[in-house]
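Just so you know, these numbers use all the heavy atoms, side chains as well, and skip hydrogens, waters and symmetry mates.
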There are 2 protein chains.
Amino acid sequence: MIVHVSTSSGVPIYLQIEQQIEQMISAGRLARGEELPPIRSLAQQLVINPNTVARAYRDLEQKGLLFSKQGSGTFVAESAPRLSDEGRRVLLGERLDELVALSQQFSIGPDEFMVMVDERLRPLRPSEPETPRSPFDDEFID
Amino acid sequence: MIVHVSTSSGVPIYLQIEQQIEQMISAGRLARGEELPPIRSLAQQLVINPNTVARAYRDLEQKGLLFSKQGSGTFVAESAPRLSDEGRRVLLGERLDELVALSQQFSIGPDEFMVMVDERLRPLRPSEPETPRSPFDDEFID
DNA sequence: TTAATAGTATTAATGTAATAGTACATTGAC
DNA sequence: GTCAATGTACTATTACATTAATACTATTAA
């Protein structure tokens with residue numbers, strides 16, 4: 001599991017960890033029952049104090065997203081609310097609203113914005129590839 | 001000038017103020033030489049302590065974005081780096097990259113993403129606001 | 001059974017955020 | 001000159017984030 005923390009953003013480290021784990025669960029990138037890194041391991045990886053990771057795990061357990069078994073490890077709860085398709089759309093939509101608002105502040109018109117979106121989406125489209133490929137080449141994109 | 005602060009995001013209030021003012025200057029929504037609200041006014045408007053606003057103004061002055069004249073007020077510096085058109089595109093592009101990455105995590109495909117963008121852009125288009133359009137009608141001119 | 005690994009709990013110390021209150025200096029309007 | 005409005009500066013206090021150092025309990029595996 002990969003987590004990144006920024007000390008310059010102003011967001012407390014334990015919150016950054018919580019938000020990222022929460023998002024990974026929402027997105028289904030952390031499956032129910034999956035084991036999380038031990039507190040000490042993640043702390044060492046992020047070069048922070050184990051207490052800070054423990055705080056994040058504890059908060060998420062209280063939220064019902066994780067459960068801890070002493071001596072065994074910390075796992076994603078079976079009841080963890082993986083977002084529905086609709087939930088993901090809503091979440092993405094909110095972020096998109098912010099971005100559209102920013103584009104207006106920047107005086108970047110709808111057409112230009114659309115071009116920017118298209119530029120970034122084009123390489124993701126499976127259709128119209130340059131070279132014909134077998135349908136089994138590219139099952140998953142990570 | 002409108003500033004919003006959130007106490008739940010974890011970001012320090014003075015940083016939120018700094019970031020928003022900085023963004024307004026970048027976007028050109030705060031002109032060079034324009035006067036900002038007095039410390040006490042903004043503090044009252046946001047229901048926070050004047051010291052917190054003062055901290056934000058002081059930091060931004062140190063950054064060279066503002067300058068203060070005691071007894072007179074606080075103003076946008078003449079040297080404040082308003083972003084160029086290209087700079088705005090780059091900034092917006094970075095944010096857009098993040099969003100596209102999120103859409104992939106959420107397994108929201110390019111087509112669906114494009115629809116979401118179009119839904120939000122449609123009301124901004126000056127012409128033909130009544131007829132709903134497919135995002136694929138549009139022709140892009142490069 | 002024993003050792004290693006895991007989470008839990010506690011205490012202390014440091015630094016920062018934010019509030020509160022006060023006092024002072026400068027500017028501009030009258 | 002007077003006065004109000006502004007920014008500046010300082011102290012004190014509270015709360016929180018983070019680190020640090022331990023000690024403890026539960027689980028797992030050799």
Margin query: Apply side-chain contact (heavy atoms from CB on, under 4.5 Å) to residues Leu99(A) and Val117(B) and explain how you reach the verdict.
Written below: CA-CA 10 Å; Leu99(A) 214 53; Val117(B) 172; over 6 Å; no

Checklist line | Full working for side-chain contact (heavy atoms from CB on, under 4.5 Å) between Val100(B) and Leu121(A) | finding: CA-CA 8 Å; Val100(B) 170; Leu121(A) 253 33; 4.0 Å; yes

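Rounded to whole Å, atom C1' of dT5(C) lies 14 Å from atom CD of Gln44(A). Spacing between atom CZ of Phe75(B) and atom P of dT6(D) amounts to 11 Å, rounded to whole angstrom units. Spacing between atom CZ of Arg55(B) and atom C1' of dT8(D) amounts to 15 Å, rounded to whole angstrom units. Atom CD1 of Ile39(B) is separated from atom C1' of dA18(C) by 15 Å (rounded to the nearest Å). When rounded to the nearest whole Å, the span between CD of Glu35(B) and P of dA5(D) equals 14 Å. Atom pair Leu66(B):CG and dT8(D):C1' shows a separation of 15 Å (rounding to whole Å applied). In this entry the distance linking CZ of Phe67(A) with P of dG7(C) reads 12 Å, nearest Å.
Summary of the strand contacts: Pro38(B) and Arg58(B) both lie near DNA chain D, and taking for each the nucleotide with the nearest heavy atom, the more 5' one is attributed to Pro38(B). Mapping Thr52(A) and Pro37(B) onto DNA chain D by nearest heavy atom places Pro37(B) at the nucleotide closer to the 5' end.
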Item checked: Contact letters for nucleotides 20-30 of chain C, in which S counts primed atoms plus P, OP1 and OP2 and B counts the base, heavy atoms under 4.0 Å -> BB---BBB---

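Taking 4.5 Å as the limit, some side-chain heavy atom of Tyr57(B) sits within range of a side-chain heavy atom of Leu42(B).
Distances shorter than 4.0 Å separate none of the side-chain N or O atoms of Ser68(B) from OP1 or OP2 on dG7(D).
Between Lys63(B) and Asp59(B) there is no salt bridge, since none of the side-chain N atoms of the basic residue sits less than 4.0 Å from a carboxylate O of the acidic one. Between Arg89(B) and Asp85(B) no salt bridge is recorded (no basic side-chain N to carboxylate O distance below 4.0 Å).
Against DNA chain D, the stretch residues 3-18 of chain B makes no heavy-atom approach under 4.0 Å.
Val5(B) and Val53(B) fall within the same hydrophobic cluster, defined by Ile, Leu, Val, Met, Phe, Trp and Tyr side-chain heavy atoms under 4.5 Å apart, directly or through other members. Leu30(A) and Phe106(B) fall into different hydrophobic clusters, where Ile, Leu, Val, Met, Phe, Trp and Tyr side chains are chained together by heavy-atom contacts under 4.5 Å.
Residues meeting the ring-ring contact (aromatic ring centres under 6.0 Å, His included) test with Phe75(A), sequence neighbours left out: Phe67(A).
Arg82(B) CZ: 12 or fewer foreign heavy atoms inside a 6.0 Å radius.
At a threshold of 4.0 angstrom between heavy atoms, the contacts of Glu61(B) are confined to the sugar-phosphate backbone, with no base atom among them.
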